Each structure stands twice: as structure tokens, then as C-alpha cells.
J.: 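Mind having a look at this structure? Questions to follow.
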Number of protein chains: 2
Amino acid sequence: MAKAKFSASHSAVEAILTAAIPLFAQAGFSGVAMRQVAQAVGISIATLYHHFPDKSTLYLKTIEATFADKAEGMAAVLAETGTPEQRLQKFVLRFTEMMSQDSYFRRLLQRELLDGDETRLRLLASQVFKAQFLNIAKLAQELAPGCDPHLMAISIAGLVLFHLEMTPLRQFLPGGCPEHNQPDIIARHVTALLLGGVPCCGNK
Amino acid sequence: MAKAKFSASHSAVEAILTAAIPLFAQAGFSGVAMRQVAQAVGISIATLYHHFPDKSTLYLKTIEATFADKAEGMAAVLAETGTPEQRLQKFVLRFTEMMSQDSYFRRLLQRELLDGDETRLRLLASQVFKAQFLNIAKLAQELAPGCDPHLMAISIAGLVLFHLEMTPLRQFLPGGCPEHNQPDIIARHVTALLLGGVPCCGNK
DNA sequence: GTCTATAGTCGGATAGAC
DNA sequence: GTCTATCCGACTATAGAC
């Protein structure tokens, strides 16, 4: 009973969140007006406020939806067989590809690292990172016993994410070219660096 | 002649920029109101607009001032003697310390990587990074001949910067503790990783 | 659930006196 | 150079009809 009603409401909320993700990713919380969101969905502001009590809640729900989507995808990245080196290589490649594809998620992540309050940071940690973080840390311990797994896990993810963060700046730096933004190029460089240290191309 | 007049104007502009840096670093362009800046300096809005034609220009000048300050400091980080390994170690340590201290610069850098237009990104590249980037790339070539120096330079700086970006999230991730945010801990980890590859603590 | 209309506030920017 | 006073458009949020 009341199925149609609930379903309609549900899809309206989904449509709003879908429209809000690119807007907040592009301009951040204070850079987006509720009018813009309403216009992007094709509804009035009053209808928007019927589904979300205020702008902060809309933003939080947008973040939650984005991160929940990503948490699902992240689960498929690991659980590989092979030597630790092979598993690292595969993880880095898949992680790079996944992060390259979803610039909205990446931008929201960057914005949360700058402006996230404790609630949203806890959400980010527990929903998106925690499970994969433990797997990476475990892999790092196999490859580098005695090394701090927490620092290693952040370094591995950070190498990939920072190269993607630098995409807009790269073209203005010496030696930068569009090829450096390709996922497979970044993944190969990061893998070689992690497995070989600085002489990373001597062992190719 | 007209020295006092010019001097007064100069220090007023400086006072405004000094007050604007932490505000824009904290909340970003759209998160700061001109009224806030005026209040922080202790002047009226009209006076603020007497010195800067609009908000965009104030923001640009704030970024320019912050980056110009940093460009000076960056010059002192390099020019070391010793083996390539020793020079890398010293560079990473000093770079980490320098970036740890100035969170305003770091936040403005993060914000520009998200929202910077071409003008400001070119400024960032040429004023802040270019000179040091070439030095790091050169050092990387000594340590890893045949490896792409552009990718290596970004990886070296990125390892340090990403660990600092993760500071607010670290406490919610497995194994994270306040000590992981200390510059010397980060620098040691990054150096070991770069010189030894993943088995970074086996050679301590 | 969705709308039009609007309240009330805050934003960037300006006029003109001193 | 600095101020008070003000304009006015944009913003968040709400009221009330359908």
C-alpha cells in the first residue's frame, strides 16, 4: 500500500541527488544555489524544499549518496590472487582507472578533505575507505614487513590521487603532457615506484 | 614626494591581504564575504573597495601574495651538497617541514587545484613550482635514470602533500594516530619509500 | 507533491560627505 | 583614504493555493 506514492517520492529524491552531485562537485557547498539545483532537476525551489529541509541536509545527503555508490565499487577492486607484487600492480591499476573515471567523486573527496566536518569525515572514513584501507595495509605488510601499514596505505592511495589532483596544473609544469594524465601511465609509474624505489624504470 | 601617501596606501593593502589570506584559505572564494574581510582588517567595506575594484581581484591578489611569499622560501630548500640520496633526504625533510607549518598556503593550493582558472594555475606553476620542480626532476634523474622526471617530481612532492591533506581524515582511519602528522615522521616514511621501494623499513 | 508568490536576509558594489 | 548610508540583485526558506 502507498507504494506508488513512496516510489514517486523516492525517485524524486534520487533525481535531485543525481543533479546535485555534479553541481556541488564543481563549485562546492557555498558555490551552489538552491535555485541552480532546482533548475537542474526541472522543479521549483519550493518542491526542492519539500524533499530536503535545508541546504546543509541536501549537501550531506548528496555526499552520502556519492560515497555509498563508491563504497560498492571499491569492494570489487581487491580480492585478487597471485604474488603480493601482482596483487599490488592490479590494485593500483584498477584504483587508478576507477578514480580517473569519476571526477565528481574525486572533487567531492578533495572538498571534504578541506571543509568536511567530523560527521562527514567519519562517514568518508567508514563508508569509503575503511574496508579497502585494511586490505591495502595488509598487502603493504606482506610487501614491507615492519613498515607502518597506515602510512604505507595512505602513500599508495595518495600517489594515485595526487597525480589526478595535479591534472589541471600539469600542463603548465616542465615536461608535462596530456599522456601523463592517462590512467595506465600513472598506474605503471606508481607501481614501479612502489616496487622498485626511485630507480623505478631500471626494472622494466 | 608623496612618499607618506604611497606608503600608507601600501601598508593598507598589505593589511588587507594579510587578513584575507586566512579567510580565503579557510572558506574559499565563495565562502568569504567582503564584509568579513573588512571587519577582519578593521575598516569599512567602502574602504576595502577603494583599494580593490572587486572581490575577484582581491582574491587574485591574495593568491599572488601568498604564492610570492612561498616562492622565496622554496628557493632556500635546495642547493645542497652530498650524495643524491642525502640530497633527497634533506629536501624531503625541509619540504615537509615547510608545508606542515603553512596551512594557509596548503589550503589555498588545494583550493586552486580544484577551482583555479588558467591565469591562477599558470601563476602557481611559474611562481611557486617551476624552479623547484626542475631541481627535483634533475635529482630524480640522478637517482632514477631513465625514469620520467616529470612523473617522479610530482610523486615526490605528492607523497608529502597528500599525507598533509589527509591530516583531518587520518584519525578516523585504522592505525591512524596524531604522531603520523608530525613532519619528521612523514618525511622519514617518504624518504624510505622513495629510496627503498616498498620494503622501506627493512633498511633502517 | 508541485506550484506561484513572497518574506526576510545577506551579498557585492556605489554615492557622496569629510 | 576613510567613513555612513544605501542600492539592489541573489540568496535561503516559507506560506498557502491546487
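Please read these numbers as outputs of a predicted model, since none were measured by experiment. In what follows, chains are A, B, ... by sequence order, proteins preceding strands, each numbered from 1.
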J.: In whole Å, what is the span from the OH atom of A:Y49 to the P atom of C:dG1?
T.: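 One finds 19 Å between P of C:dG1 and OH of A:Y49, rounded.
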J.: Which of these, B:F24, B:F105, B:Y104, sits in a side-chain contact (heavy atoms from CB on, under 4.5 Å) with B:T66?
T.: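 The passing option is B:F105.
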J.: Is it true that A:R107 and B:D115 make a salt bridge, defined as a side-chain N closer than 4.0 Å to a carboxylate O?
T.: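 Counted as a salt bridge, because a side-chain N and a carboxylate O are separated by less than 4.0 Å.
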J.: In whole angstrom, what separates A:Q39's CD from D:dA10's P?
T.: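 So the CD-P distance, A:Q39 to D:dA10, works out to 13 Å.
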J.: Determine: side-chain N/O of B:H50 to OP1/OP2 of D:dC3, distance under 4.0 Å, yes or no.
T.: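 For B:H50, the contact criterion (side-chain N or O under 4.0 Å from OP1 or OP2 of D:dC3) is not met.
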J.: Please state how far atom CG in A:D54 lies from atom P in D:dA13, giving the value in whole angstrom units.
T.: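 From A:D54 CG to D:dA13 P: 5 Å.
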J.: Name the closest nucleotide to the B:A46 side chain, picking from D:dT6, D:dG1, D:dC3.
T.: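 Closest nucleotide among those given: D:dC3.
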J.: For DNA chain D, whose closest nucleotide is more 5', that of A:M34 or that of B:L48?
T.: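 Mapping each residue to its closest nucleotide by heavy atoms, the 5'-most match is B:L48.
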J.: Base, sugar-phosphate, or nothing: which does B:A33 touch, judged by heavy atoms less than 4.0 Å apart?
T.: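 Sugar-phosphate contact only.
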J.: Taking only the side-chain heavy atoms of A:K55 (C-beta and beyond), determine which of D:dA13, C:dG11, C:dT2 contains the nearest atom.
T.: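 Among D:dA13, C:dG11, C:dT2, the one nearest the side chain of A:K55 is D:dA13.
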J.: Give the minimum heavy-atom separation between A:A20 and A:T62, together with the two atoms involved.
T.: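 Smallest heavy-atom distance, with atoms named: CB-OG1, 3.6 Å.
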J.: Between the side chains of B:E118 and B:R122, is the shortest nitrogen-to-carboxylate-oxygen separation below 4.0 Å, so that they form an ion pair?
T.: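 Salt bridge: yes.
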J.: I need the OH-P distance between B:Y59 and C:dG12, as an integer number of Å.
T.: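 The distance from OH of B:Y59 to P of C:dG12 comes to 14 Å, rounded to the nearest Å.
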J.: Rounded to whole Å, how long is the line connecting atom CG of A:L58 with atom C1' of D:dC11?
T.: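 Those two atoms, CG and C1', are 15 Å apart.
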J.: Can you tell me the distance, in whole Å, between the CZ atom of B:F52 and the P atom of D:dT2?
T.: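 The distance from CZ of B:F52 to P of D:dT2 comes to 12 Å, rounded to the nearest Å.
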J.: Checking all strands, does A:V32 fall into the base, sugar-phosphate, or nothing category for heavy-atom contacts under 4.0 angstrom?
T.: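 Result for A:V32 = sugar-phosphate.
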J.: Give a yes or no on whether a salt bridge exists between B:E142 and B:R87, defined as a side-chain N under 4.0 angstrom from a carboxylate O.
T.: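 The answer is yes: the pair qualifies as a salt bridge.
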J.: Is any side-chain N or O of A:S44 closer than 4.0 Å to OP1 or OP2 of C:dC3?
T.: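 Checking C:dC3 against A:S44, a side-chain N or O does come within under 4.0 Å of OP1 or OP2.
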J.: From CZ of A:F29 over to P of D:dT12, roughly how many Å is that when rounded to an integer?
T.: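 It works out to 8 Å between those atoms.
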J.: Whole-Å distance between C:dT2 P and A:I45 CD1?
T.: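 The answer, rounded to whole Å, is 15 Å.
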J.: Remember a base hit wins even if backbone is also touched, and classify A:V41 as base, sugar-phosphate or nothing at under 4.0 Å, heavy atoms.
T.: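 Contact class for A:V41: none.
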